[in-house]
2 protein chains.
Amino acid sequence: MSTADSSPVSAPGQTPATAALLRRRRDTLGPHSPLFYEEPLHLASGAGVWLTAADGTEYLDGYNNVPHVGHANPRVQQAICDQAGRLNVHTRYLQDRVVEYAERLLATFDTDLDRLFLTNSGSEANELALRLATQHTGARGVLVTDFSYHGNTRSLAELTTGLAVGEEFGDHVRAFHVPDTVTATGVDPRSLLESSAAQLDAALGSLQEAGHGVAALLVDPLFSTEGMPEPPDGWTQMLGEKVRAAGGLVIADEVQSGFGRLGGAMWGHQAVGLDPDLVTMGKPMGNGHPMGGVVTTAELLDEFGRRNMYFNTFAGNPVSSAAGLAVLEEMEDRRLMAHAAELGARVHRQLEEIASGTARISARRGSGLFFGLEIIDDDGSPDARATKRLVEEMKRRRLLISRIGPQDNVLKIRPPMVIEDHEAQLLLEGLAESVATVLR
Amino acid sequence: MSTADSSPVSAPGQTPATAALLRRRRDTLGPHSPLFYEEPLHLASGAGVWLTAADGTEYLDGYNNVPHVGHANPRVQQAICDQAGRLNVHTRYLQDRVVEYAERLLATFDTDLDRLFLTNSGSEANELALRLATQHTGARGVLVTDFSYHGNTRSLAELTTGLAVGEEFGDHVRAFHVPDTVTATGVDPRSLLESSAAQLDAALGSLQEAGHGVAALLVDPLFSTEGMPEPPDGWTQMLGEKVRAAGGLVIADEVQSGFGRLGGAMWGHQAVGLDPDLVTMGKPMGNGHPMGGVVTTAELLDEFGRRNMYFNTFAGNPVSSAAGLAVLEEMEDRRLMAHAAELGARVHRQLEEIASGTARISARRGSGLFFGLEIIDDDGSPDARATKRLVEEMKRRRLLISRIGPQDNVLKIRPPMVIEDHEAQLLLEGLAESVATVLR
């Protein structure tokens, strides 16, 4: 047995049933399959932003973006039920659902991004986007940020900078730092821009010199895993232009920032002014039903399709398509993007107030219904321990959030999009109390 | 627009509705997304082995293995419905369903294969198995057959020999030919074994000499894409031993041969006597719900888990687990594996009779409910054209089958496991008539 076990097998206060389940889990999925919290949370059911544990305790979900339109959303459930009772086949037979879904999804993009490949996950989507980019450019080099994660395949592991992987960092990959105007208080944004430009030039030049060339930039427009740094004005455009000038394509990984999460736009790249050749998506797409996709231009799709017999057995099946359609319909009928903007703005203001009450919160980050609070210690250093304690304290108060960032010191608050005002208030009250308790 | 379009936009006899749908499909998914048949089949619903087209025509499905326990299986539908209405979250919260499923699935394996990673597809499963093998061995080399397909990621594209990919064949990959006792009539099986041994030695030696070493053998135990060749006795054991002696792990890709399809055993590797370190699965696992998995030993899982933070957002969620459980329960309650053996044996005998009636069918292949018929021309050469005509003629008779093999001349018949005797008879009668029509 490993000494680095990540799943506790028993903990104080655990019911015998939970302890037994943990043992059975360990004996099948092994000791490393990750679990949240010091004492894992054993869930039984959910509805909207609420989750009910096996012991009957109710938790407010302030973390999960996969149940985008709410846990156990009735419309999504009904759509899956109906279609699973009718037909579920691959796309080599002609069927309506996948075409309806593709049309509906593509309508949310700028006009040149008008073709869709469907996959089963964000990992499969990023894999495919990289295949398109490397084949199109004839180059291998990839540019990523210095604390990022884009999926669990080997090609993606080779460019992972944000968590532990057994593969060596690819010699065809270069990582750059996202400049942050929030942390760099007192620094002239222009000097941030210039130093970042020099770093990007060096990275791109190094890929060229090594003979790899530049195939693609692969970035989350919101830089979620990176802790949501806020680059200076003009930086995002510069990033895209430099990559294009070096011959590479721009891939926007919208697994976290897409589907209206940021409030002001359906897609993160639209919100930040990045102009991608390929957009990848995953998590919220089917409200938990395994779905991913790559949106691109007709030219890139056509070029790839001529050279490759790409087929994906499950992707685009009518049940997945029905789930995806239900998510889009629910978003539209309930005006969830506008809701994210409106409620999000109010919550950001209240977070600002909470932050202003303590020197231990050094920054408020994010946009729409994606919030980050940066936690520091009394000396101003990132405080991962206090951040973790805040997450546990919130759980004690039956409120679920998490943490991100290279120093693990950014509280990550990202509730399902259907969170209502009074629910957001519960979250904020609990946060204020947790801050008062932990950051005394 | 591409000149290599694979999706017809209109064809004689098409209804205006189907033609319009084809155009809309092309304008969203593009012209290369593959479709079966000269005129695509527009499906509306299914039940058991029956599929109903948009125009009301009923087809008997003699091809699809994804709807393993039947199209729109009520038990699978109910399981998905119930669970989607209750809870669908990732595995970082503790939940019962995934553990129940893992226990149930692992019980079908030999005792040393007692750990499970869940994924969303066979591609993700093969990716993960290769990551485990390369990290375990510290080697890169992979051995595959000379006409195989294991998935659509980049690492898998680099070792694809059975269809067009834009990536170059990996310099760390060697392909070998599966010796076939059926075609090599009159050849002493021992000499087949010896020449194959020499070829395997050369491939493994070449990987060692090039400095790649041997990470893994990756094979479908049934060699489905390869056209189901039947190697001589002792060959499979020899293959595994040689790979192990060279330091590599054995990966059995059970995407096509698993879940009782071959009748005599739950898994293809058990049926053919291959002793794998890793078993990958996909297609039939969730009856169409996107699911895949890697089964391996506690040691390999533990080694990988210590080095890698492997997480898969959708995999193992309670809805997917419920779908997987329903498939296993349905298989057990309806004795589908025994059914595959019993009905399969009868159908194989009848196929033998059909084959004996014409010199144009040179071999009958397969096992359980997986059947292959090899079609040749009057000179004894592989006849892809006649094979294609047979598939189209069967469709005209409302019977769905397909074709495989390096020469595209093996009829592939692989109905859902719930096919009943009278339905198999319809398929056989239609096949006899189609053979009489096409192979005159």
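Below, chain A is the first sequence line, B the second, and so on; all start at residue 1.
- The nearest pair of heavy atoms linking P34(B) to M309(A) is CG-SD, 4.0 Å.
- With a 4.5 angstrom heavy-atom cutoff, V319(B) does not touch chain A via any of its atoms.
- When all heavy atoms of R115(A) and D27(B) are compared, the pair lying nearest together is NH1-O, 2.8 Å.
- A donor-acceptor pair under 3.5 Å links the side-chain atoms of N308(B) to the main chain of G166(A), judged by distance alone.
- Taken to the nearest 0.5 Å, the CZ atom of R86(A) stands 15.0 Å off from the NE2 atom of H71(B).
- Interface check for chain B: of the options E100(A), Q78(A), R307(A), Q135(A), the most heavy-atom pairs under 4.5 Å are formed by Q135(A).
- Across all their heavy atoms, S123(B) and E124(A) have their closest contact at CB-OE2, 4.1 Å.
- Proximity to chain B is absent for every atom of F304(A), based on heavy atoms less than 4.5 angstrom apart.
- Of the atoms belonging to Y63(A), it is side-chain heavy atoms, and not backbone ones, that fall under 4.5 Å from chain B.
- Contact count versus chain B (heavy atoms, under 4.5 Å) is highest, among L118(A), V89(A), N287(A), T91(A), for T91(A).
- Minimum heavy-atom separation, G46(A) to L87(B): N-CD1, 4.0 Å.
- Residue-level contacts of residues 152-160 of chain B with chain A, in order of numbering, are N152(B), T153(B), R154(B), S155(B), A157(B); threshold 4.5 Å between heavy atoms.
- Put simply, of L130(A), T52(A), V165(A), N317(A), the one with the most heavy-atom pairs under 4.5 Å next to chain B is V165(A).
- Of the residues considered (R97(B), Q77(B), H90(B), R131(B)), R131(B) shows the highest number of contacts with chain A, using heavy-atom pairs under 4.5 Å.
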Run the numbers on M285(B) and F314(A) for side-chain contact (heavy atoms from CB on, under 4.5 Å), then give the verdict. CA-CA 11 Å; M285(B) 201 169 180; F314(A) 300 129; 5.9 Å; no

Pairs under 3.5 angstrom only: tabulate donor-acceptor contacts from the side chains of residues 289-297 of chain A to other protein residues two or more places apart or in another chain.
unit_1  : atom_1 : unit_2  : atom_2 : d
H289(A) : NE2    : S320(A) : OG     : 2.9
T296(A) : OG1    : D277(A) : O      : 2.8
T297(A) : OG1    : L300(A) : N      : 3.1

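- When every heavy atom of L35(B) is checked against every heavy atom of L94(A), the shortest pair comes out as CD2-N, 3.9 Å.
- Of the two parts of A47(B), neither the backbone nor the side chain holds a non-hydrogen atom closer than 4.5 Å to a non-hydrogen atom of chain A.
- Contacts between L400(A) and chain B at a heavy-atom distance below 4.5 Å involve the side chain alone, from C-beta outward.
- Per-residue heavy-atom pair counts under 4.5 Å with chain A were compared for T313(B), L21(B), L105(B), N88(B), and the maximum is reached by L21(B).
- A distance of 7.5 Å separates SG in C81(B) from CG in D82(A), rounded to the nearest 0.5 Å.
- Note: A164(A) leads A164(A), A102(A), P74(A) in heavy-atom pairs under 4.5 Å with chain B.
- Taking the side chain as every heavy atom from C-beta outward, L163(A) and F311(B) never approach each other to under 4.5 Å.
- Here A84(A) is the residue among A54(A), A84(A), A315(A) with the most heavy-atom pairs under 4.5 Å with chain B.
- What you find for L301(A) and P31(B) is that their closest heavy atoms are CD2-CD, 3.8 Å.
- When heavy atoms are compared at a cutoff of 4.5 Å, L51(B) approaches chain A solely by way of its side chain, counted from C-beta outward.
- Each of I80(A), V66(A), N312(A) has some count of heavy-atom pairs under 4.5 Å with chain B, and the biggest count is that of N312(A).
- Taking D96(B), V76(B), L106(B), N73(B) one by one and counting their heavy-atom pairs under 4.5 Å with chain A, the maximum is reached by D96(B).
- In this structure, the portions of E167(A) lying under 4.5 Å from any heavy atom of chain B include both its backbone and its side chain.
- Residues F117(A) and L29(B) have side chains not in contact (no heavy-atom distance under 4.5 Å, counting atoms from C-beta outward).
- Side-chain N/O atoms of D302(B) and H32(A) include a donor and acceptor closer than 3.5 Å.
- To the nearest 0.5 angstrom, L43(B) atom CG is 8.5 Å from Q95(A) atom CD.
- If you measure heavy-atom distances from T134(A) to chain B, the contacts under 4.5 Å come from the side chain alone.
- No side-chain heavy atom of T28(A) sits under 4.5 Å from any side-chain heavy atom of Y101(B).
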